Amino acid sequence: MKILIIEDEKGLREVIQQSLEKEKFIVETAASFNDGLDKLGCYAYDCVVVDIMLPDGNGLDLISEIKALHKKEAIIIISAKDSVDDKVKGLDIGADDYLSKPFHLAELHARIKSAIRRKSHNGDNLIHWNNITLSPEQRTVSVNNNELTLNRKEFDLLYYFITNPNRLINKTALAEYVWGDYIDQADNLDFVYSQIKNLRKKLKDAAAEIDIQAVYGIGYRMS
Amino acid sequence: MKLQVYTLRYLLIALLGVIALWASLFYMVILEEVYDNIDDGLKNSKLLIIRKAQQSPELLTNHESEINQFTIKPVSMGRYIARNNRDDDDDDDHQNVIYNDHKYMEYDDDYEPVRVLKTVFMASDGNPYELTITASMVEEDELLEDLMTALIALYIMLVVSIVIINYFILKKVWRSFYSLLDKLRHFKLGTGTAFTAPPSPIDEFKALGKELEALLKRNEATYASQKQFIENASHELQTPLAISINRLELFAENNTLTEEQMDAVGKITDTLSRLVKLNKSLLMLSKIENKQFPDETAVDFNELTAQVLSDFEDFAAFKSVSLQVIQNEPLVFNMNKGLALTLLSNLIKNAILHNRPDGTVTIALSEKQLTIRNSGSEKPLNPDFVFNRFARHSTNENSTGLGLAIVKSISSNYNLYIGYAFDGEHVFNITFP
């Protein structure tokens, strides 16, 4: 899987690259509008992560260029502006997702993976992890082909873990993903723990081969 | 005190003084004029009587003439000379002594004031005689009384007419001032509409209006640049914050850290997350104030409440707070859906967060009202500061202090009225227009 990151901020470019490379993605980077346009003209990618505010152009124009070239890349906008207008406009001209800075790396992984999955029309949109099969569209989970009933939040938790295997997941990132943006400052998020306990129990009862560990002080890691 | 009453009060007091002063002067002048007039008459009578006495000497013997109000008495030659030589002027005025006296009048059964002229003349028989002429005078006290009555009438008339004129003139003169005041009262900074003073025919008010326009324009510019600064600063902070958090995440992942080290990294991440939240809240506030949420749809608050509650139910269960919704009537209002969600989420989150264990949160919806009650601490919040920025009511370090400021800002954007009250429970009440 090849990913192009177009971001002018060096530090952010580096961390995204490092983080995605850990997921075995092949990552290329571009620091400017023109640099990005050159790379898009020469190579094909599975996903393009583009910043809206670039020193020599607007990321939205870059998306229009990609569409004009009839390229099939999944496109994810990252922006410091968090502007509804930009979001609507970006999605309108063909971006697949919009992520406002600052974001958690786990969140970016989840977005990239689901954008790529939606783009790949090979019919098999199921995600497999050991003996667990998860269908993001149907929102169903089965273990050893036996269906496992999870409520919405449990499903979202599991989905987040499975799209970020072996990664350290910050509990704030997890809470924001599952409970929405407004939950984040609520009392150190200790309540997330009890939800994960329920999920663990259900998975264990179904004999799922999955291990969700708490990482003291930070959050969780699934392996 | 109203301007009209205020000016009128001083005007009436001043007028009283002016009229009193004027009345005494007027009285003295009139009296002087009356004396002058009577004296002229007396002098005239003197001439006539003396002439007559020269022609018909029997008049001299007829010493007194009560009806004609004069008496003639013979005097010694010495007195005649003494009087006539008092002055070498040949004007005859100095021969006369004129003074006020009182004389009994039968008709009135009272002493009436009279003016008396005394003079000495040389009759045709060569003997000096003293002539005394009296003339009845206007009664001073009656004159005073009449004058007083007239003055009181004048004063009342003046006051009434001044009140009336004052009322209409002030009303007309200050009309442009009041309309300026009214406009000023409804003027809000940061709404993007410039302040224009209403036209006035009066130069001073025109100048006032102009100065106000200029002042508010400067204020508006300051306000806008301050808002712009907050927005820009928040934007500029986003990227470094993102890099810091992401680098820490990678650092924790890439290194095998001890539990204490991991905990330290986690704490730094949490603090950074707080900074992110604070920054986002500030951005949100300036965006709301800049009206950057133009899309409006009919928002069903009953549905939205259910959605928000489902997001918070785990959190509430964890805090053992029970949530209750009373849906009396459907509540639908046209506004930005994201803002409606923010509004409701902030209020409900606060209600759960600042609650006590086994407490309750009750949300009641009716056609024009949304009420959120929570059984929090027993100490009421200060309603004057509750919606202020960074007005902290708890020691919770995770609170940004901006949640209710955002709620207030959204409310005023849509002309919703939000109030806080305490009746044993904390009650936040939103009234929809």
Side-chain angles (χ1 to χ4, degrees), chain A residues 7-16 18-19 22 51 53 78-85 88 99-106 108 152-153 166-173 175-176 178-195 198 215-219 221, chain B residues 234-250 252-254 259-267 269-270 272-274 276-277 279-280 283-284 287 292-295 308 310-312 314-319 336 338 341-342 345-346 348-349 352-353 396 398-400 403:
Chain A
E7 161 68 60
D8 60 313
E9 194 76 33
K10 184 163 169 278
L12 198 59
R13 209 164 56 228
E14 278 175 12
V15 283
I16 295 173
Q18 283 175 30
S19 165
K22 282 172 75 88
D51 184 14
M53 285 187 287
I78 49 173
S79 168
K81 258 173 97 180
D82 193 16
S83 138
V84 181
D85 283 348
V88 170
L99 197 55
S100 63
K101 294 180 197 172
F103 45 78
H104 291 281
L105 291 170
L108 183 65
R152 176 175 77 80
K153 284 158 192 162
N166 294 313
R167 303 299 299 260
L168 192 55
I169 297 169
N170 190 291
K171 58 182 186 296
T172 313
E176 276 176 19
V178 179
W179 283 273
D181 281 344
Y182 299 100
I183 204 79
D184 54 0
Q185 55 169 312
D187 253 18
N188 282 326
L189 307 165
D190 288 334
F191 71 99
V192 173
Y193 177 74
S194 61
Q195 290 297 307
N198 290 344
V215 178
Y216 186 70
I218 297 197
R221 191 202 297 269
Chain B
S234 306
H235 269 150
E236 293 303 321
L237 279 171
Q238 302 281 61
T239 309
L241 277 172
I243 297 169
S244 311
I245 290 181
N246 295 350
R247 274 201 194 283
L248 268 175
E249 283 177 348
L250 273 179
E253 242 177 25
N254 291 345
E259 204 163 80
E260 287 97 69
Q261 287 167 332
M262 212 56 139
D263 189 34
V265 171
K267 275 179 181 148
T269 315
D270 286 348
L272 282 173
S273 299
R274 250 173 70 200
V276 168
K277 180 69 196 169
N279 203 35
K280 275 189 178 167
L283 250 181
M284 182 88 180
K287 276 185 184 169
Q292 288 175 4
F293 297 91
D295 299 330
V308 173
S310 87
D311 278 343
F312 283 112
D314 296 324
F315 176 49
F318 177 76
K319 298 263 300 179
N336 181 282
L341 185 65
T342 307
S345 296
N346 279 348
I348 293 176
K349 181 169 65 195
I352 301 171
L353 192 62
N396 190 330
N398 286 313
S399 151
T400 58

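From a predicted model like this one, the values you see are computed outputs, not experimental measurements. Per chain, numbering begins at 1; letters A, B, ... match sequence-line order.
T172(A) places none of its side-chain heavy atoms less than 4.5 Å from the side chain of K277(B). Using a 4.5 Å cut-off on side-chain heavy atoms (C-beta onward), N246(B) and F103(A) make contact. Under the 4.5 Å side-chain criterion, counting only non-hydrogen atoms from C-beta, E249(B) is not in contact with L168(A). Counting heavy atoms from C-beta on, the side chains of V276(B) and K101(A) never come closer than 4.5 Å.
Between the CG atom in N198(A) and the CG atom in D314(B) there is a gap of 8.5 Å [rounded to 0.5 Å]. The OG atom of S273(B) sits 8.5 Å away from atom NZ of K171(A), with the distance rounded to the nearest 0.5 Å. With rounding to the nearest 0.5 Å, the separation of NZ in K22(A) from CG in L250(B) is 7.0 Å. Note that CD of E259(B) is 6.5 Å distant from OH of Y216(A), once rounded to the nearest 0.5 Å.
When all heavy atoms of I218(A) and G266(B) are compared, the closest pair comes out as CG1-CA, 3.6 Å. What you find for L12(A) and A242(B) is that their closest heavy atoms are CD1-CB, 3.9 Å. When all heavy atoms of Q238(B) and P102(A) are compared, the pair lying nearest together is OE1-CD, 3.4 Å. Minimum heavy-atom separation, H235(B) to A80(A): CD2-O, 3.0 Å.
Of the listed residues E9(A), R13(A), E7(A), R221(A), the one with more heavy-atom pairs under 4.5 angstrom with chain B than any other is E9(A). By number of non-hydrogen pairs under 4.5 angstrom with chain A, the leading residue of L341(B), L248(B), N336(B), L237(B) is L341(B).
Partners of V178(A) according to the side-chain contact (heavy atoms from CB on, under 4.5 Å) rule, which considers only residues two or more places apart in sequence or in another chain, are K153(A), D156(A), L157(A). Remark: S244(B) engages no residue in a side chain to side chain donor-acceptor pair (under 3.5 Å) (not counting sequence neighbours).
Of the two parts of S234(B), neither the backbone nor the side chain holds a non-hydrogen atom closer than 4.5 Å to a non-hydrogen atom of chain A.
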